[in-house]
Amino acid sequence: MTIHQGIEISGLSHAVRGAEILAPTNLKLPAGRITALIGPNGAGKSTLSRLIARIEPPVTGRVLVNGLDVATTSTDRLARELAFLGQHSWLASRLRVRELVAFGRWPHCKGRPGPADRAAVDRALAEFGLLPIAGRFLDTLSGGQAQRAHLAMTAAQETPWLILDEPLNNLDLAHARALMAHLARLRDGGGSILVVLHDLNFAAGWADHVVAMKDGRIVAEGTPADVLTAPALSSLYETEICVGEHQGRPLVLHHL
Amino acid sequence: MRAGHLWVLSATALGLLAAASLMVGAARIAPGDPMAALVLGVSRIPRTLAAILTGAALAVAGVVMQQIVRNRFVEPATAGTPEASAAGLLAVTLIAPDAPIWLKMAVAALAALGGAALFAALIRRLPPREVFLVPLAGIALAGVIGAGVTLVGWQADLMQYISIWLMSGEFSGVIAGRYEFLWIAGAAALLAWFAADRFAILALGPDAATALGLSPVAVMRLGLVVVALVTAMVVVTVGMLPFVGLIVPNLVARVMGDNLRATLPVVAMTGAVLVLGFDLLGRIVIHPYEIPAGTILGAAGAVAFLWLLWRGDRDAR
């Protein structure tokens, strides 16, 4: 029997005090791809990504990540299958960048880092350009530097699946592009990525698969060229959006 | 000041203070005096150990509470935990006055656990960025529980006990055979050190902790157990000492940060230095009489706490 690689969602829904946040959803996300989750505010993108990453325990429906049921698999085991970075809240701790990134190795080493763990931390620090500030306290960093430190912690987990909720927050355009290039390298190495994106052109430029959500429902999915069309996006965001083309990829124009 | 300096400084200070503590007291110790061994064995060594264990455990319990509620300006002493533990002691004293001491300890610890859990539940809905709401809620909770304890204590004519438990922690009554429960507080602090990474990860927030494969609820419970054990043992044995769990963690975090695996030993040593130092000071200033360590700590700690508040969260984030 081969275990299905990828994420399979069946009958998943979510409600908060009777208000439906996510309608019953069936979805398959392919392994080895970058999947972008797009949609207007309040569409349920964060909720869906948090349910997949078992940050919110699923009440109804089922989520399988590489064959593991997130409701019944131990959270510790899941931490070696998927890494998640949310829209992180304010951090009360005074930690150095390297200390924060090293916590990404907790699922593997449980606080007893070996050479492999130290190497993974160094790789993540280098990947996100953090080596020069590895010894600085997070509370002395800019928002973008702190965001990169959190991304590096998630990357240091080195899991088959990476789930990121709006990771481009606070990043300038160079670091945003560098993050997408990092995700592309992970994918080329066999990794699987689900990323919630607000900037549609990053989805157009880097994603292999796009899932569009609105009002707690999935309204479209497919390749960027399939989903990122002027009529589809105009109706998704309820505002007029033009789509051109640049280097063979859709170019979404919505600033005028 | 660098992290390594803090290690050396606190260890050296602790060694010197411990040596001084063995020499200072109402009775004079001379070499060759047959009474010296008795004084040391029955009084001075137990008293020194009691002060060290109390200071170390209270400081560690302060860190643990600060990590699990994600706020730097709380400690068990300002969150109603000692009052809850006193309520448990009062109840067992009234209901079963002849209960063995271990049972009284157990009831005090369970009551402290209830008080700490109540505090954690109470503040869950407060916005995390409003850093001063959490300590205010703690002070309010301490006031409410304390008022209940006082009411019952007055009516049962037990105010004297209550003031010993809650008002002024001091070590003049410590002799061999009457401080050993503090080893439980020390063991709880050691337990916290073994779980240091878990507490540090929980402080990243429940989402991040879950993503790293921890159960935030389980870590929170472990933290509450540590806080409750330390508080109850200190309340019953020597009486509560204020501000140790507040000031020491903030001072150490300023220099070393919050990587608890590295900082907790320094926190423990610095807490021990603070309490032993003030106990020693209290033995010296009006020799051969004494001022309780808790009284000095109350005055000095209040000033230090005001200073922390005045600095606000400038570098407390």
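Letters A, B, ... are given to chains in the order of the sequence lines, protein chains preceding strands, and every chain is numbered from 1.
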For each of A/E99, A/K110, A/M153, tally heavy-atom pairs with chain B at distances under 4.5 Å, and name the one with the top tally.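 Heavy-atom pairs under 4.5 Å are most numerous for A/E99.
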Find the one option among A/A79, A/A83, A/A102 whose heavy-atom pairs under 4.5 Å with chain B are most numerous.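 If we count pairs closer than 4.5 Å to chain B, A/A79 comes out on top.
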Answer with side chain, backbone, both or neither: which region of A/L100 has an atom nearer than 4.5 Å to a non-hydrogen atom of chain B?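 It is the side chain, since no backbone atom gets that close.
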Measure distances from A/F137 to the heavy atoms of chain B and classify the residue's part below 4.5 Å as side chain, backbone, both or neither.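 Contact with chain B: side chain only.
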Close approach to chain B in residues 45-56 of chain A, criterion heavy atom under 4.5 Å: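 The residues closer than 4.5 Å to chain B, in numerical order, are A/R50, A/R54, A/I55.
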Side chain of A/N170, backbone of A/Q147: donor and acceptor closer than 3.5 Å?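 Flag not set: sc A/N170 to bb A/Q147 has no pair under 3.5 Å.
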Taking the side chain as everything from C-beta on, heavy atoms only, tell me whether A/Q157 gets closer than 4.5 Å to A/L162.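 No - every pair of side-chain heavy atoms lies 4.5 Å or more apart.
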Quick one: does B/M65's side chain get under 4.5 Å of B/F119's, heavy atoms only?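 Sidechains of B/F119 and B/M65: in contact.
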Could you walk me through whether B/D197 and A/W106 pass the side-chain hydrogen bond (donor to acceptor under 3.5 Å, both in side chains) test, one step at a time? CA-CA 9 Å; B/D197 285 334; A/W106 169 266; over 6 Å; no
For A/R136, does the CZ atom sit with more than 12 other heavy atoms under 6.0 Å from it, leaving out its own atoms?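 Counting neighbours around CZ of A/R136, more than 12 heavy atoms of other residues, nucleotides or ligands fall under 6.0 Å, so yes.
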So for B/Q67, is it side chain, backbone, both, or neither that comes closer than 4.5 Å to the heavy atoms of chain A?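 Contact with chain A is through the side chain of B/Q67 alone.
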Which is it for A/R148 and A/D172 under the salt bridge (charged side-chain N to carboxylate O under 4.0 Å, His left out) test, yes or no, and what are the steps along the way? CA-CA 11 Å; A/R148 275 153 54 207; A/D172 61 34; over 6 Å; no
Does the gap between the ring centers of A/H175 and A/F128 come in under 6.0 Å?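 Aromatic pair excluded; centres sit 6.0 Å or further apart.
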Taking atom types as modelled and ignoring hydrogens, do the side chains of A/T60 and A/S13 form a donor-acceptor contact shorter than 3.5 angstrom?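 Side chains of A/T60 and A/S13: pair found under 3.5 Å.
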